[in-house]
Amino acid sequence: MPLNRNYWGSILQQVQIGTIAVLTILGLIISDWVYRDTQERLFSELTNTALLLDTYFKQSFYHWEMSVSSVGYRLLDIKGPHQDSLRLKSANRYITYYTELTAFGLADTTGYLTTFTGNKDRVANPNLMGSGKSKRSFLLAKKSKNMVIGEAYFFEPFGEWVLPIRLPLTNKYDNVIALITSTVDYNELIKTLEKFNINQEFRVHMVDADFNTTQLYYPLDEKDYNKWLGKDASLYVDTLFHKLENNAVKFSSYNLLEGFKVLGVKTAPGLFNQYLLVSVNKGVLTSRFLSRIQFILLIYVALVLVTIFGFRYLKEKDVAHSTALNKERMYADRIIRGSPSMIVGVDAAGICRFANPTTLNTVLYKESEIVGKEWWKTLYPSGYYNQVIKLLKEVEKEDVHNYEMTFVRKDGVERVISWNTLTLLDESGNKKEIVGFGHDVTELKKAQKELNKYTENLEELVKTRTEELTDTNKALVASNYQLKEQHKVLKETLLNLEKTQKQLFQADKMASLGILLAGVGHEINNPLNFINGGIQGLKNLPKEADAKPFFDIIEEGVKRAANIVKSLSHFSRKTGKLDEPCDIHLIVDNCLTILHNKLKHKIEVEKSFSLGSAILSGSEGKLHQAILNVLSNAEQAIEEQGKISISTYLKEKYFYLSIKDTGMGILKEDLSKIGDPFFTTKEVGKGTGLGLSITYSIMEEHGGRVDVSSEIGKGTEFILIFPVQ
C-alpha cells in the first residue's frame with residue numbers, strides 16, 4: 001500500500017532529528033580530539049623550550065664551574081708575604097679574561113673574604129656574610145662540597161642583576177679549605193635567553209632543589225621577580241596530573257601565588273640539583289583551542305542548516321512533484337511538436353499512437369489518416385513493404401541507427417528517410433512502444449551522388465597534376481646540381497680572395513720597406529761608421545794607451561744596429577693568430593725607430609702615454625704594419641717642418657691610440673675614400689694606395705676601428721680604437 005503524505009512527512013522529520021543528533025555527537029567528538037591535540041601541541045612547545053634551555057644552563061654552569069674552579073685553585077697557589085696583593089692582581093687578570101663573570105672572591109672557611117675584585121666599572125659586592133641569602137648559599141656550598149648557584153640579586157649600585165656562584169675548594173684529603181665566589185652578569189644571561197626567541201607567553205623559572213626556591217624568572221621583571229624570590233617552588237607545582245616524556249614532566253596545576261590555572265613542564269634535576277620549570281597560563285590553551293575549533297563550528301552549523309533546509313526542500317519537493325510532472329509532460333509535448341525531426345510512436349501491435357506536425361508535413365497525410373492505423377501500409381505500398389519487414393526484424397534485436405527507407409508521399413513522390421528507434425518497455429519488461437526519429441535525407445543522397453561523380457573527376461585531375469609535379473621535380477633536381485657547381489666555384493673564388501688579401505698585406509709591407517729602405521740603410525750605416533771608427537782607432541792605438549773608449553764606441557754602434565734590426569724583425573713578423581701579448585707603446589717606438597731617418601731632420605715627435613704599458617691581445621706583426629702605415633702617412637703629409645703628436649689613453653672599455661700631424665690635411669670629399677684599396681692622393685711611384693686600406697682591415701680583424709678627422713692646412717688626426725678585454 002502506498003504511503004500517504006502525512007506519514008511520509010513524519011518519517012522525514014524523524015530522520016532530520018536523528019541526523020542533527022549524529023552531527024552534534026560527531027562535532028563533540030572532533031572538538032574533544034582538537035582540544036586534546038591542541039593541549040599536546042602546547043605541551044610539546046613547552047617541552048622543547050624547557051629541554052633547550054635546560055641544555056643551555058647545564059652547559060653554561062659547567063663552563064662557569066670549570067672557570068671558577070681553575071681560578072680558585074690558582075689563587076690558592078699564590079703564597080708568601082705579599083699573597084693578598086698578588087692574588088688580587090691575578091684575580092683582576094682573570095676577570096678580564098673570563099668576560100662572562102663580573103667578580104671574583106676568595107674566602108676562607110669562616111666566610112672571610114681574603115681576596116675580592118670586580119670589573120673596573122663596578123664597585124665591590126657585599127660581604128659573603130652580609131645578607132641572609134648570601135650566608136645561606138655560602139654555608140650550603142661549604143656543606144655540600146659542590147657548586148651552589150644562589151638567588152639572583154638586584155644591586156642598586158650596579159643598576160643591574162647579578163647571579164652569585166659559590167664553589168668549595170678542597171685539598172688532597174677532600175677537606176674544604178676555601179671557597180671561591182663570583183657573580184654572573186644577569187642582564188647578559190637574559191640577552192642570551194632572548195636570542196632563543198622564547199614564546200613571550202611562556203614563563204621560565206630556574207629552581208634550586210636544595211633551596212626549593214625560584215632563582216630565575218623570565219621574562220625578567222623586578223616587581224614579579226621579587227614576588228617569586230624566596231617563595232616555596234612547590235606552591236607553583238601543585239600537580240593535578242603529570243606525564244613523563246623526553247626526561248621532562250608535564251603537569252597541569254593551580255598557581256597559588258598568583259591565582260590562575262597553568263600548564264607546564266619540569267625538567268629532571270641536573271648535576272647541581274637544579275631544574276627548569278616552563279609554564280603558560282591555561283587561558284592560552286583555551287585561546288588556541290577556540291581559534292582551531294572555529295572552523296569546525298562553522299562546518300557544524302553549516303551541516304545543521306543544510307540538514308534543516310534539505311529536509312524542508314524534500315517536503316516541498318514532494319508537494320510540488322505532481323505539478324512539476326504535469327509541467328514536464330507539457331514541456332515534452334511542446335518539444336515533440338516543435339521538433340524539426342519526424343517523431344512517430346507505434347505500439348506493439350503496429351498501430352500509430354502519435355505523429356508530430358513535421359511527420360504530417362513530410363508525408364502529406366492528415367493526422368486522422370495516420371494516427372490509430374497501421375501507418376506502415378499507408379506509406380509503404382506492396383512494392384516497398386519489404387523494407388518494413390526487414391526493419392521490424394532489426395528492431396526485435398536492438399534499436400536501429402541511421403536506418404534508411406524509401407517511402408511514397410500522398411502525392412506519389414518518393415522520399416528517403418533515415419530512422420533511429422527507441423524501444424520503451426512496461427513495468428514487466430515487455431515491449432510497450434517504439435518511438436521513431438526520422439530525417440529526410442533525399443536531397444543529401446542526391447548531393448552524395450553528385451559528389452561521387454566529382455570525386456571520380458578529381459582523381460583524374462590529381463593524376464594529371466602528379467605527372468606535372470614529377471616533371472617539375474626533375475627540373476628542380478637539375479637546377480640543384482647547377483647550384484652545387486656554382487657553390488663549388490664560389491668557394492674556390494673565396495679561397496683565391498683570401499690568398500690575394502694575404503698577398504696584398506705582404507705587398508704593402510714590401511712597398512713600405514721599399515720606400516723606407518734608403519732611410520733604414522742610412523740608419524744602419526751610422527752605427528757601422530761608429531764600429532769602423534773604433535776599429536781604426538784600435539789599430540793606431542799605442543800599446544800603453546787605454547783601449548776602453550774605442551770599445552765603448554764599437555759597443556754603441558752594435559747596439560744601434562741591433563735596435564734597427566730588431567724593429568724590422570717585429571715589422572716583418574708573420575703569424576695568423578690574434579692571441580699574442582702586444583705592447584702598443586713598444587710597437588710605436590719600433591715604428592719610430594724604422595722611420596727615424598725620415599723624421600729626424602724635419603719632424604718633432606711628441607709622445608704622451610697615459611699608462612706605463614699597454615698590453616693588448618693580437619698579432620704583433622700586423623699591428624706593427626697598421627701603426628707604421630699611419631705614421632708613414634703622417635710623415636709624408638708634412639712637406640717641410642712639422643710635428644707628430646702621439647698619445648694613448650683608456651676610456652671605459654676601450655684603448656685609444658691618437659696619431660696627429662701638422663701636415664697639409666685631407667679634403668673632405670676624400671675622407672670617405674682613404675680606406676678604399678688603391679686610393680691615394682700621392683704622385684705616381686710614391687704610394688700604392690694600400691697602406692690605410694690594410695690598416696682599416698687589420699683594425700677590423702682585431703675588433704677595433706679607425707676614426708679620422710682632418711682640416712686642410714692644419715693637419716690630420718688618426719685615432720686607432722682597440723677593445724679591452
Side-chain angles (χ1 to χ4, degrees), residues 57-192 215-216 271-272:
F57 280 119
K58 285 179 180 178
Q59 291 176 346
S60 299
F61 293 159
Y62 178 74
H63 173 67
W64 294 336
E65 179 197 22
M66 297 298 292
S67 302
V68 173
S69 175
S70 173
V71 173
Y73 281 112
R74 291 190 183 190
L75 292 178
L76 284 176
D77 288 340
I78 301 174
K79 297 179 181 179
H82 304 291
Q83 67 179 18
D84 289 342
S85 61
L86 291 174
R87 285 176 178 174
L88 183 60
K89 185 177 180 180
S90 180
N92 275 319
R93 290 201 307 270
Y94 290 132
I95 202 169
T96 302
Y97 180 74
Y98 296 106
T99 55
E100 70 271 18
L101 301 176
T102 63
F104 280 131
L106 183 65
D108 59 20
T109 55
T110 65
Y112 172 69
L113 282 164
T114 60
T115 303
F116 189 83
T117 182
N119 282 350
K120 295 179 181 179
D121 58 345
R122 304 177 188 275
V123 299
N125 283 352
N127 189 286
L128 286 181
M129 309 299 284
S131 69
K133 294 173 183 175
S134 180
K135 180 178 179 180
R136 181 170 62 169
S137 68
F138 176 81
L139 295 175
L140 279 170
K142 177 181 174 183
K143 179 181 178 181
S144 66
K145 296 183 181 181
N146 202 345
M147 175 179 172
V148 174
I149 301 175
E151 299 89 344
Y153 300 123
F154 184 81
F155 291 105
E156 290 297 339
F158 288 176
E160 56 186 282
W161 294 81
V162 295
L163 179 65
I165 301 175
R166 320 290 186 214
L167 183 66
L169 304 177
T170 59
N171 58 16
K172 64 181 180 179
Y173 303 109
D174 203 29
N175 298 322
V176 177
I177 56 175
L179 274 86
I180 185 75
T181 181
S182 64
T183 56
V184 176
D185 189 328
Y186 221 62
N187 283 348
E188 292 300 321
L189 184 61
I190 295 300
K191 289 179 182 178
T192 303
Q215 296 176 337
L216 167 66
L271 179 64
F272 307 115

Which atom pairs, one a donor and one an acceptor, fall under 3.5 Å between side chains of residues 68-80 and the rest of the protein, sequence neighbours left out?
from: Tyr73; atom 1: OH; to: Thr170; atom 2: N; distance (Å): 3.0
from: Tyr73; atom 1: OH; to: Thr170; atom 2: O; distance (Å): 3.3

Do the non-hydrogen side-chain atoms of Ser90 and Arg87 ever get within less than 4.5 Å of each other?
no
Tell me the closest heavy-atom pair linking Ala91 and Thr115, and the distance in Å.
CB-CG2, 4.4 Å
The side chain to side chain donor-acceptor pair (under 3.5 Å) partners of Asn92 (sequence neighbours excluded) come to Thr117
Please name all residues satisfying side chain to side chain contact (heavy atoms under 4.5 Å, CB included) with Asp108, sequence neighbours left out, ordered by chain then number.
Thr110, Tyr112
Please name all residues satisfying side chain to side chain contact (heavy atoms under 4.5 Å, CB included) with Ser85, sequence neighbours left out, ordered by chain then number.
His82
I'd like to know if the side chain of Lys142 and the backbone of Thr109 have a donor-acceptor N/O pair within less than 3.5 Å.
yes
When rounded to the nearest 0.5 angstrom, what distance separates CG in Leu169 from CG in Leu179?
6.5 Å
Spacing of CG belonging to Leu88 relative to CZ belonging to Arg93, to within rounding of 0.5 Å:
11.0 Å
